[in-house]
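In what follows, a single structure is set out as structure tokens and then discussed.
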Amino acid sequence: MKRAIFSGSLRPLFHARAIISGEIHDPFVAGNILESLLCADPSAHSQARVLLSSFTRRSAFMYNTVLHAYLCNDLPAYALPLFLEMLRHDSTPNKHTFPLLLKAFAHIRLLTSGSTLHSMILKHGLISDPFIHASLIHFYVSLGFFGAAHCAMDENPSPPVSAWTALLSGYAKSGDLIAARKLFDEMPEKNSVSWSAMISGCVQSQLPCEALSLFQEMLATKMAPSSSVIVSILIAMAELGALQEGKWVHALLERNQMFLSSNLKTSLIHMYIKCGDLWSAKQMFEKLRDESVDLWNAMIGGLGLHGRGREALQMFDEMIGEGIRPDDMTFVGLLSACSHSGMVDEGQKCFKSMRILYSIEPKVEHYSCMVDLLGKAGLVWEAVETIKMMPMEPDERIWGSLFGACRVYGEMGLGEAVGKKLVSMEPNEPGLYVLLANLYALAGRWQDAVGVRKMMKSRGVGLEPGCSLIEVDGVVHEFLVADRAHLWVGDIFDKLSEMARVLRAEGCVA
DNA sequence: CTAGGGTTAG
């Protein structure tokens with residue numbers, strides 16, 4: 001909604017004058033009054049609804065305007081009743097009505113109502129409208145009805161890019177990157193949104209390398225990278241630890257003088273943090289900091305990740321000082337910062353304050369951090385007490401960190417129970433069997449350790465080799481478990497033993 | 001006459 005004809009404090013005056021003059025019976029005038037109301041206060045949907053009922057002659061525009069307000073206020077369930085009333089009344093839906101309804105029905109997953117819209121669209125001959133077609137494809141795809149989406153594609157002799165993009169993105173979200181890529185290659189033309197959908201699909205499916213090469217391809221076609229592509233590609237670079245590439249993107253943003261939205265700033269900071277360049281992250285943050293919670297969360301979490309718990313707490317205080325309201329993610333960052341830095345008291349204080357001072361209910365993630373914090377500090381039984389206090393079912397991560405604590409602090413009995421629970425929760429996760437077997441081995445119970453290995457084999461659970469990536473001077477190096485294939489393997493192992501010696505000399509016990 | 005689409009959020 002842009003700006004309406006009757007704006008500001010004059011709106012009620014216009015409304016009153018229209019009533020007196022009788023102009024209120026002109027649907028165009030009345031429609032504008034309705035729109036002006038929602039323009040002045042987008043949350044005034046109930047008021048708008050009452051106003052709409054007060055009009056004797058109602059236009060499609062009026063209904064569309066109220067539908068739009070429902071969507072903006074995240075009330076898609078209100079759309080169907082309004083649409084039914086629209087049909088009962090004198091108004092015929094027009095080409096603007098269908099995209100709004102399809103969006104609402106996709107949201108609340110009304111398959112049958114959506115397919116009714118589909119037939120209405122065909123009957124009205126509106127299928128070739130690019131907006132409608134894209135919305136229709138998006139509707140089917142978001143409910144997982146790919147067959148229906150393809151049928152709808154065939155009904156339009158030349159589907160718009162947006163429809164192709166919706167279909168592609170549907171496959172990408174369902175995890176079928178092969179199908180997504182096939183559509184991407186087949187589509188007659190691509191715009192920056194199509195590239196964005198394809199690239200973010202790769203990132204979402206943990207294929208950062210593919211995302212990166214697509215990004216290169218995109219630049220080669222002279223397509224200007226949109227900020228949503230940049231957000232996705234920075235996540236991919238963060239994932240890969242590709243600092244040089246990340247810096248290059250940062251330079252690209254500055255060279256093109258692109259607007260740095262809070263999202264973009266946050267992705268940049270996240271990239272620097274994940275690539276280990278905390279200094280640049282901090283530098284950027286100080287230069288570009290704004291009111292966005294996400295931005296502060298990224299920085300607080302990043303400091304914690306690098307073991308700088310004190311600074312994370314300081315940054316939190318600073319954030320509160322700036323009058324920025326923390327959210328649940330802020331506390332995930334803070335609690336994990338405390339956990340990484342072994343700050344038990346501070347963590348407990350933080351956990352208590354989130355509900356009392358900031359009225360944020362702790363979620364599973366927060367309990368998870370607390371269990372981790374207590375377990376890492378050797379307070380295994382306090383961790384158990386925390387789990388008992390949880391109002392929700394503990395997840396695998398929580399049992400996993402309790403298990404880790406049991407192993408480190410020699411709580412064999414509890415550890416065995418938790419390990420078995422974990423294996424039963426996720427019987428297809430090879431890592432869990434290995435952990436349990438290692439626990440038995442640690443306790444000298446070799447027979448049991450072998451038993452777990454056998455169970456793994458009989459259930460057909462295979463172990464994939466672990467892998468890590470590191471970037472040095474602009475080259476990404478990949479290492480698998482027990483990998484000795486690297487060109488400089490000798491130098492690398494020399495360095496590792498030197499580091500181990502230094503750590504031992506400093507009193508660190510692995 | 002006014003308004004409606006496909007991507008995104010670490």
Side-chain angles (χ1 to χ4, degrees), chain A residues 1-6 26-36 38-39 59-69 71-72 93-104 106 121 126 129-139 141-142 149 159-170 172-173 180 183-184 187 190-204 208 225-239 246 261-275 281 292-295 297-299 301-302 305 329 332-333:
Chain A
M1 217 172 296
K2 288 178 193 133
R3 80 199 139 83
I5 293 181
F6 314 121
D26 177 349
F28 185 73
V29 174
N32 270 314
I33 287 170
L34 188 66
E35 193 197 14
S36 308
L38 287 167
C39 229
S59 63
F61 175 75
M62 294 172 188
Y63 284 98
N64 297 345
T65 307
V66 179
L67 281 173
H68 185 256
L71 287 171
C72 290
N94 64 12
K95 59 177 185 168
H96 294 273
T97 317
F98 293 104
L100 294 164
L101 289 172
L102 285 164
K103 196 182 220 177
I121 289 164
L126 290 170
D129 182 289
F131 290 83
I132 292 175
H133 201 237
S135 311
L136 187 61
I137 301 299
H138 173 258
F139 167 78
V141 139
S142 65
V161 206
S162 49
W164 284 93
T165 306
L167 191 57
L168 176 166
S169 145
K173 278 185 188 140
L183 285 164
F184 186 70
M187 56 198 290
K190 306 173 188 35
N191 59 19
S192 70
V193 181
S194 335
W195 282 94
S196 173
M198 191 64 235
I199 290 174
S200 77
C202 290
V203 178
Q204 240 46 52
S226 65
S227 53
S228 65
V229 166
I230 305 268
V231 168
S232 294
I233 213 65
L234 283 169
I235 296 168
M237 287 164 177
E239 192 92 356
S261 65
S262 293
N263 291 332
L264 214 41
K265 291 183 205 171
T266 309
S267 335
L268 268 171
I269 291 204
H270 175 249
M271 180 278 295
Y272 279 122
I273 285 166
K274 286 286 182 154
C275 293
S292 150
V293 215
D294 295 336
L295 191 63
N297 288 352
M299 202 57 231
L305 202 67
M329 285 309 292
V332 172

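Chain letters run A, B, ... following the sequence lines, proteins first and then strands; every chain starts at 1. Note that these values count all heavy atoms, side chains included, but never hydrogens, waters or copies made by symmetry. All figures in this text were calculated on a predicted structure; none of them were measured in a lab.
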Protein-nucleotide distance (A/Glu35, atom CD; B/dT2, atom P), rounded to Å: 10 Å
Ring-on-base stacking B/dT2 with A/Phe28 (under 5.5 Å, under 30°): no
Please examine the side chains of A/His133 and A/Pro160, heavy atoms only from C-beta on, and report whether any two atoms are closer than 4.5 Å. yes
B/dG10 pyrimidine/purine six-ring stacking with A/His270, under 5.5 Å and 30°: no
Grab the CD1-C1' distance between A/Ile235 and B/dT7 for me, whole Å please. 12 Å
Whole angstrom is fine here: how far is it from CE in A/Met271 over to P in B/dG10? 16 Å
Under the side chain to side chain contact (heavy atoms under 4.5 Å, CB included) test, which residues partner A/Pro208, sequence neighbours left out? A/Ala236, A/Glu239, A/Leu240
A/Gln204 side-chain N/O to B/dA9 phosphate OP1/OP2 under 4.0 Å: yes
For a quick test of reading the model: is some side-chain N or O of A/Lys103 closer than 4.0 Å to OP1 or OP2 of B/dG4? no
Value in whole Å for how far the C1' atom of B/dT7 lies from CZ of A/Phe184: 12 Å
How would you label the contact of A/Lys265 with the nucleic acid (heavy atoms, under 4.0 Å): base, sugar-phosphate, or nothing? nothing
How many angstroms lie between atom NE2 of A/His68 and atom CZ of A/Phe61, to the nearest 0.5 angstrom? 10.5 Å
Nearest to the A/Asn32 side chain among B/dT2, B/dG5, B/dG4, which nucleotide is it? B/dT2
Among the nucleotides B/dT7, B/dA3, B/dG4, which one has an atom lying closest to any side-chain atom of A/His138? B/dT7
What about A/Asn94, does its side chain sit under 3.5 Å from the base of B/dG4 through a donor-acceptor pair? no
Other residues, nucleotides and ligands only: do more than 12 of their heavy atoms fall within 6.0 Å of NZ on A/Lys265? yes
Quick one: which of B/dT8, B/dA9, B/dG4 gets closest to the side chain of A/Asn263? B/dA9
Using a cut-off of 4.0 Å on non-hydrogen atoms, how would the nucleic acid contact of A/Asn297 be classed: base, sugar-phosphate, or nothing? nothing
Give A/Ser135 one of three labels, base, sugar-phosphate or nothing, depending on what nucleic acid heavy atoms sit under 4.0 Å from its own. sugar-phosphate
Quick one: A/Leu100 CG to B/dG5 C1', roughly how many Å, whole number? 10 Å
Would one find a side-chain N or O of A/His133 under 4.0 angstrom from OP1 or OP2 of B/dG5? no
Qualifying residues under side-chain hydrogen bond (donor to acceptor under 3.5 Å, both in side chains), relative to A/Tyr63, sequence neighbours excluded: A/Arg58, A/Glu85
Below the 4.0 Å mark, does B/dT7 have OP1 or OP2 next to a side-chain nitrogen or oxygen of A/Lys190? no
Extract all donor-acceptor atom pairs below 3.5 Å that involve side chains of residues 227-234 of chain A and protein atoms in other chains or at least two apart in sequence.
unit_1	atom_1	unit_2	atom_2	d
A/Ser228	OG	A/Ser196	OG	3.0
A/Ser228	OG	A/Ser226	OG	3.3
A/Ser232	OG	A/Ser228	O	3.3

Base of B/dT8 paired with side chain of A/Ser228 (donor-acceptor, under 3.5 Å): no
Please determine, for the side chain of A/Asp129, which listed nucleotide (B/dG4, B/dG6, B/dT7) has the closest atom? B/dG4
Side chain to side chain contact (heavy atoms under 4.5 Å, CB included) involving A/Lys190 - partner list, sequence neighbours excluded: A/Phe184, A/Met187, A/Ser194, A/Trp195
Sidechain-backbone polar pair: A/Asn94 side chain, A/Thr97 backbone, donor-acceptor under 3.5 Å: yes
Separation of B/dG5 atom P from A/Leu67 atom CG, nearest Å, is 12 Å
Separation of atom CG in A/Asn64 from atom P in B/dA3, rounded to whole Å: 11 Å
Nearest listed nucleotide, side chain of A/Phe61, among B/dT2, B/dG6, B/dG4: B/dT2
Does B/dG10 have OP1 or OP2 sitting under 4.0 Å from an N or O in the side chain of A/Thr266? no
So, do A/Phe131 and B/dG5 meet the stacking rule of ring centres under 5.5 Å and planes under 30°? no
Once side chain to side chain contact (heavy atoms under 4.5 Å, CB included) is applied, do any residues pair with A/Ala134, and if so which ones, sequence neighbours excluded? A/Ser162
Residues in contact with DNA chain B, drawn from residues 161-168 of chain A - heavy-atom cutoff 4.0 Å: A/Val161, A/Ser162, A/Thr165, A/Ala166
Spacing of A/Glu239 atom CD relative to B/dA9 atom C1', expressed in whole Å: 15 Å
A/Val231, nearest nucleotide to its side chain (from B/dA3, B/dG10, B/dT7): B/dG10
